[in-house]
Amino acid sequence: MPSERPDTGTPLPVAVLISGSGSNLQALIDAQQAGELAADIRVVVSNRADAYGLTRARQAGIETQVLSHRGFPNRADYDAALADLLGDFDPGLVVLAGFMRILTPEFVAGFHGRMFNIHPSLLPKHPGLHTHQRALEAGDTEHGATVHFVTEELDGGPAVIQARVPVLPGDDADRLAARVLAQEHRIYPLAVRWFASGRLRLDDTGHVVLDDKPLSAPVRLDELI
Ligand code: GRF
């Protein structure tokens, strides 16, 4: 599957995977509705029936699907069913937006170069869970969020863009998380927009290419504005 998308002028078919609130999904919906994103969110899939993001999707008129992980004997079977489900929508991009499951290498390989994740830290710092608490405990003076292509390595795929926030005196994990989340809502639509317009791709050597130039480091939002 080629990872480069020529700029065809047609909206990019997108599938968004969620497990929870879906505020990043909402940011994508808002950008799409504002005419800032040449993307067609064809389906929102959740592994949890009670994910609030499903309500957001329905309110925007987007098809929703729930594929609960309960009832599957193992991760491989679940991921195979998920890949089948996504296949029905023929997505050019799969967007993980708070999808709280570790994906098998087989699933990831099926969407190589066309799957994004957003992670609430300045990767490679703090992969995994509880990133805000860990940033505080590490005494970090800045924290943030990263959009990256998904590879087999958990939170380890090539980074596209990062947004930074200061860690302020008196911060707790919730306050810090809220500050980071506001930035997530800025960088995720931007990355999807770049991909959808054919400006962004992963090349054969695993490097992120933006406007025909390989990135030596992720784009910094603060340097764009
Ligand atoms: C975000 O912090 C995202 O970085 C992480 O999970 C959270 C999802 O939030 N992967 P939401 O469901 O988009 O509101």
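Positions are given from 1, in the same order as the sequence printed here. Atoms within a ligand are numbered from 1 in the order they appear, just like the ligands themselves.
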Is the shortest distance from a heavy atom of G22 to ligand 1 less than 4.0 Å? yes

Close side-chain approach of L17 and L82, heavy atoms under 4.5 Å: yes

Looking only at protein heavy atoms, identify the closest one to atom 1 (C) of ligand 1 and say how far it is in Å. E184 OE1, 3.1 Å

Nearest to atom 9 (O) of ligand 1, what protein heavy atom do you find, and at what distance? N24 ND2, 3.9 Å

Within-cut-off N or O pair, I118 and ligand 1, under 3.5 Å: yes

N/O to N/O below 3.5 Å, does that happen between N117 and ligand 1? no

Report, in ascending order of atom number, the atoms of ligand 1 lying under 4.0 Å from any heavy atom of S21. 12 (O), 14 (O)

Ligand-residue contact atoms, ligand 1 with S23, heavy atoms, under 4.0 Å: 11 (P), 12 (O), 13 (O), 14 (O)

State, without any angle test, whether [X] and [Y] hold a side-chain donor-acceptor pair at a distance under 3.5 Å.
X    : Y    : result
S23  : H185 : yes
H148 : T146 : no
E137 : Q133 : yes

Any chain of hydrophobic side-chain contacts (each under 4.5 Å) joining F149 to V94? no

Determine whether more than 12 heavy atoms belonging to other residues, nucleotides or ligands lie under 6.0 Å from atom CZ of R48. no

To atom 8 (C) of ligand 1, the nearest of S121, S19, G98, A27 on a heavy-atom basis is G98

Side chain, backbone, both or neither: which part of M100 comes within less than 4.0 Å of ligand 1 when only heavy atoms are counted? neither

Cation over ring face, R114 and F195, 6.0 Å, 45°: no

